[in-house]
Amino acid sequence: MKHATKKPLRSVGTRPVRPDGIDKVTGRALFSADFNLPDALHGAVLRSPFAHARILSIDTTRALALAGVKAVVTASDMPAIPDDKVMINAQPPDFRDMSANILAREKVLYEGHAIAAVAAKDAETANRALQLIDIEYEVLPHVIDVQQAMEPGAPLLHENLITKGINPAPVQASNIASRHEQVHGDVELGFAQADIILTEEFTTQPVHQGYIEPHACLARVASDGQTEIWCSSQGQFMVRAYCARLLDMPLSQIRVMPLEIGGGFGGKTTVYLEPLAVLLSRKSGLPVKMQMSRADVFRATGPAPGSYISMKIGARKDGTLVAAQGILCYQAGAFAGSPVRLGCMTAFAPYDIANVKLIGYDIVVNRPKSAAYRAPGAPMASFAAESLIDMLAQRLDMDPIDLRIRNAAREGTRTAYGPSFKEIGYLETLEAARAHPHYAAPLGKNQGRGVASGFWFNIGGQSSAALTLNEDGTVMVATGNPDIGGSRASMALMAAEVLQIDVSQVRPQIVDTSSIAYSDLTGGSRVTFAVGMAVIQAASDMVVKLQERAATLWDVSVEHVRWQDGCAVTDVEGREERLSLAALAAQTAKTGGPIAAHVSLNAQGAGPGFGTHICDVEVDPDTGRVTVLRYTAVQDVGKAVHPSYVEGQLQGGAAQGIGWALNEAYMYDENGAQLNPGFLDYRVPVASDLPMIDTVLVEVPNPRHPFGVRGVGEVPIIPPLGAVANAVSRASGVRHVDLPMSPPAVLKAIQRAARRRR
Amino acid sequence: MQYQAPTRLDDVAALLASAGGHGRVMAGGTDLLARFAGGMPRPAVLVDIKRVAELMVIEQDSDGGFTVGAGVCGAAINENAILRQAWPGVTEAMDLIGSVQIQGRASLGGNLCNASPAADSVPALIAAGASCRILGSRGERTLAVADVIHSPGKTCLGTDEFIVSFYLPPRPARSADAYLRLIPRSEMDIAVAGAAVNLTLDDEGVVVSASVALGAVSPVPLLVPRAADVMLGTRLDNDVMVQLKSVVSASCRPINDKRGTIDYRNHVAGVLAVRAALIAGQRATAKERA
Ligand SMILES: Cc1cc2nc3c(=O)[nH]c(=O)nc-3n(C[C@H](O)[C@H](O)[C@H](O)COP(=O)(O)OP(=O)(O)OC[C@H]3O[C@@H](n4cnc5c(N)ncnc54)[C@H](O)[C@@H]3O)c2cc1C
């Protein structure tokens, strides 16, 4: 195994208790709903009972007249977004859509779509006021199924939506927001070389990110317009930027205080309540607190898109993949913008295939606007691709890991989406999976083993970190990124590593938007890598400053000062002299004042991540119920800064992917209203549904990070869909192509196959 | 809402009577509090029955019958080894309810009086031939558990009445029961279908008495005498089980809803009944050996 750093590491790779651990275990940590201010009003949202309707009129007179009601807002209070403000640097999100999602304009596009918001002295009054808002609707036909939404006669969500990415542009509006094409090589030529061609259609359902903490916020607007927002999110700078854009305010007027986040998984990379709370506070002159119920969360936030995928692969008799082709249709929800492009890019990324052609369609339907969810767009595409590869292994009677090894992408492999891979560890994950005792363990009756792999890009991005040396020699590390997966611990470990001090001497802090320079949000598996780079750089800068200060005190030239074990060291007449961090901190008045280092950078060189998962299941042939017996997640993590939290990422991703594969699904009635907006019938796995998920951390260092770090948070949700489906298919003797594989669905597939056999 | 926690049986009846239809009994509150949170109107008087001694005891009579207080929680029921030994089906059904936290609160009385078609302990109680002692302001009566639920969410109890205790009759040798349910998850879910079977075998291993009750496949938990008849006089051989399965499936009257389709429920009820019968049979035989 290669090593990025030759020096043995003292902190990175250890497992101290996380700095935020005690607070979170004892309940002291403040999550978004825990923050209160005196006199705060209660904000509540009126939501559409219809999946699709035109709003003919809204009358808030009666609501405003109710005693205790202090403010009411509707879409007319949201500034119109001019053409030049629709996007930032031509990148999504689309703020006009976001504005219309936060408060419906003209039409409601899904059941649960917000129409108005009220601030009142208490919850009861606010809820009564909602009932006093008079709305006239013209109910329209709705469509929630992605394939039906693409049909010519389907009800149109946006009457002016012309499909992007088709040349010449269609003249008729449709629900197809865009078409994306990705071509690599020549698929026709590729399939002509194939001995075996396998074609299959797959469907997956939308799934919610399922974070435990519902959205909540508190906003306070002063009479001079200065605005403060307390909320949990995946980025306080994101909340600031989005509110400013949506409400047409200068950034300097908004300060966002990050509270602890109780899970986001991508779902908190946008805003829902914050602009409403600001508007209500501005109107009422009082702080306004807003909170979603779990039902609100299900009806109006998330999910990851559902999909319909038709895919085909071609291979030679020896298992060499020669071509892959497919059509991917993702349901964006009520507004355009599903990650179908990322689905196309990731589907076959683990493989070296000369000819790939994938076409993606982004489709709007009458469901909540989809939001990012770990590795956006990848799991469903990977499910289709990895199922086909498993089918190929079965057809060739070849070991599924051997088949993947034969085709695995390596250093230098040109990806189907363009660039060539640099140092990657995919092969290493396959080899580790093959060598794992799990892979050789015997299976019983009705049991099956599935394997699948997954790829995610990982990103860097704009990041800031500020280190300050306290007067006693301890160190503060401030960053501007919410800690979702243990990043405080990782930041502290990396700072401690560079400073060569014990991690207990470092206190990490997540600070508000006025206390540090901008950082991109927490997402894309970027924080440990990119914000970590800023921390490492700042710590290195601090070491340089400390050496200079020591040189001043010793009156030697700085070249004669080295940094060792948390001390400045120099040789005086063959004798070693030392100045500890504490000693240097105590003498800053003599050496030039307080010592701090602030680094802002745009981190480049994120290392792609690959994972390979093994899943054993047992299928009850009489009921269709699936039990996951054993699960092992293997992943190239570059370098695990805090291995426990890296393992936690793998286990969490696997758990979420298993839920996606087995039981998670939205249910709708004939009017397009959700039937299961709660955790009782929206079935994320509970602890007893899962075996202990075993993890194997493969460390192929990313040479473009000082410690070899790669992002790890997204890869682990990609392989489970395929791994579980392949296991269920092998256990039941029937190929399962539709998710979720709930008991009735599995039973039906088994019974259908039995009838066919007869 | 007024909260009352009387310690005497008569006070419970009196409080309910004086509330004039606006009172409600609370045992564990695991159904009730969830309903309040979901917007159900609150009663004028909430009568917590957990301080009344008669509602909180498990006693075995000299003839082997059991009296189980209506407010005893699931955890206490399953910690009672003698009760568990005599009624493994009833106790395992109660044990399936909720999680550890819920088990510390949830009661048989609440599970029955919540009157859900999918309540887990109810089919087991019905198959066991359990009855309940009901007290009201005008006196006491005894009713078979099978006759308590009137329709989904409704019992036949008067507004001043409540259940004091359940009675499980004495068992002949070689008797055992079993309860199984299907849920997509492994816990914290509501039965898609449930089946309870209670059997007594003779010393040749032949079924001499049987009862079968189903949950979640009809508006109220269902006693299926026809299914029991199939097993009488048999040794639960394969062909008998095939017949049991089809009789059970044909007896179901489920609905299509978000938790299951009619076809799936019919099918699974049959599968579960067969499995429960085989488990009950094995348990009865094992008791003979013990
Ligand atoms: C997380 C969770 C999981 C659950 N899982 C299951 C499950 O797996 N299976 C299942 O069947 N149920 C389940 N339930 C429902 C519930 O826990 C059970 O129905 C439980 O047995 C109710 O008992 P309780 O004592 O809490 O009833 P309570 O909530 O106190 O009462 C329920 C109803 O019965 C009435 N009542 C209570 N006691 C009496 C009495 N002695 N006389 C007359 N009326 C009375 C009350 O007035 C109320 O209407 C679950 C609930 C939760 C919250």
Side-chain angles (χ1 to χ4, degrees), chain A residues 123-124 127-128 130-131 293-295 298 617-629 655 658-659 661-670 673-691 739-752 754, chain B residues 30-31 34-35 37-39 41-42 95-103 116 118 180-195 216-217 241-242 244-246 248-249 254-278:
Chain A
E124 210 186 319
N127 290 328
R128 253 195 305 145
L130 293 183
Q131 284 159 23
S293 66
R294 179 62 59 191
F298 273 109
V617 301
E618 181 166 324
V619 177
D620 182 334
D622 297 323
T623 65
R625 210 178 161 280
V626 174
T627 305
V628 180
L629 301 171
I658 291 169
L662 288 182
N663 281 308
E664 289 183 36
Y666 287 74
M667 290 177 264
Y668 285 89
D669 70 11
E670 63 279 8
Q674 261 181 55
L675 290 169
N676 60 335
F679 282 137
L680 179 57
D681 290 299
Y682 181 87
R683 296 190 179 84
V684 301
V686 296
S688 56
D689 289 339
L690 299 172
L739 299 186
M741 293 174 288
S742 64
V746 171
L747 183 68
K748 203 184 258 174
I750 292 173
Q751 287 173 336
R752 208 184 302 126
Chain B
T30 60
D31 275 316
R35 276 169 200 269
R42 293 168 188 220
D95 190 43
L96 286 175
I97 294 177
S99 55
V100 173
Q101 294 90 329
I102 298 293
Q103 280 289 310
S116 154
L180 292 172
R181 69 169 178 185
L182 185 119
I183 54 172
R185 283 196 281 230
S186 54
E187 59 177 24
M188 305 301 280
D189 214 333
I190 293 177
V192 174
V217 291
M241 292 296 101
V242 171
L244 173 67
K245 186 172 156 193
S246 66
V248 165
S249 291
I255 52 167
N256 278 323
D257 71 4
K258 59 185 173 184
R259 305 211 169 100
T261 60
I262 290 173
D263 284 350
Y264 187 69
R265 287 189 151 124
N266 290 345
H267 170 84
V268 166
V271 170
L272 295 177
V274 167
R275 291 180 182 176
L278 292 173

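These values consider heavy atoms only, across backbone and side chains, with no hydrogens, waters or symmetry-generated copies. Sequence lines set the chain letters: A, B, ... in the order given, protein chains first and strands last, and positions in each chain run from 1.
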Worksheet item: Just by modelled atom types, is the B/Ile97 backbone N or O under 3.5 Å from a matching donor or acceptor in the B/Gln103 side chain?
Response: yes
Practice prompt. Specify which of A/Asp620, A/Val626, A/Thr627 makes the most heavy-atom pairs with chain B at under 4.5 Å.
Written response: A/Asp620
Worksheet entry | Identified side chain to side chain contact (heavy atoms under 4.5 Å, CB included) partner of B/Leu180 from the options B/Val271, B/Leu96, B/Val268, B/Leu272 | B/Leu272
Worksheet item: What part of A/Leu747 lies closer than 4.5 angstrom to a heavy atom of chain B: side chain, backbone, both or neither?
Response: side chain
Worksheet item: Is a side-chain donor or acceptor of B/Ser186 paired with a backbone partner of A/Ser688 at a separation under 3.5 angstrom?
Response: yes
Worksheet item: Using non-hydrogen atoms only, which part of A/Asp689 is less than 4.5 Å away from chain B: side chain, backbone, both, or neither?
Response: both
Worksheet item: According to the interplanar angle, ranging from 0 to 90°, do the rings of A/Phe298 and A/Tyr666 count as parallel (below 30°), tilted (30 to 60°) or perpendicular (above 60°)?
Response: perpendicular
Fill in: Any donor-acceptor N/O pair, B/Arg181 side chain to B/Ala195 backbone, under 3.5 Å
no
Worksheet item: At a heavy-atom separation under 4.5 Å, does A/Asp669 approach chain B through its side chain, its backbone, both, or neither?
Response: neither
Worksheet item: A/Asn676 side chain to A/Met667 main-chain N or O, any donor-acceptor pair under 3.5 Å?
Response: yes
Worksheet item: Quick one: does B/Ser116's side chain have a donor or acceptor within less than 3.5 Å of a partner on B/Ala118's backbone?
Response: yes
Discussion item. Taking every non-hydrogen pair under 4.5 Å, which of A/Val686, A/Asn663, A/Leu675 racks up the most with chain B?
Written reply: A/Val686
Discussion item. Evaluate A/Leu662 against A/Val628 for side chain to side chain contact (heavy atoms under 4.5 Å, CB included), listing each step before the verdict.
Written reply: CA-CA 10 Å; A/Leu662 288 182; A/Val628 180; 3.8 Å; yes
Discussion item. Sub-4.5 Å heavy-atom contacts with chain A: which residues of residues 254-264 of chain B show up?
Written reply: B/Lys258, B/Arg259, B/Tyr264
Worksheet, complete the sentence: Ranked by heavy-atom pairs below 4.5 Å to chain A, first place among B/Ala193, B/Gly270, B/Pro184 goes to B/Pro184
Worksheet entry | Salt-bridge present (A/Asp622, B/Lys245; N to O < 4.0 Å) | no
Practice prompt. Please flag which part of A/Thr623 lies under 4.5 Å from any non-hydrogen atom of chain B: side chain, backbone, both or neither.
Written response: both
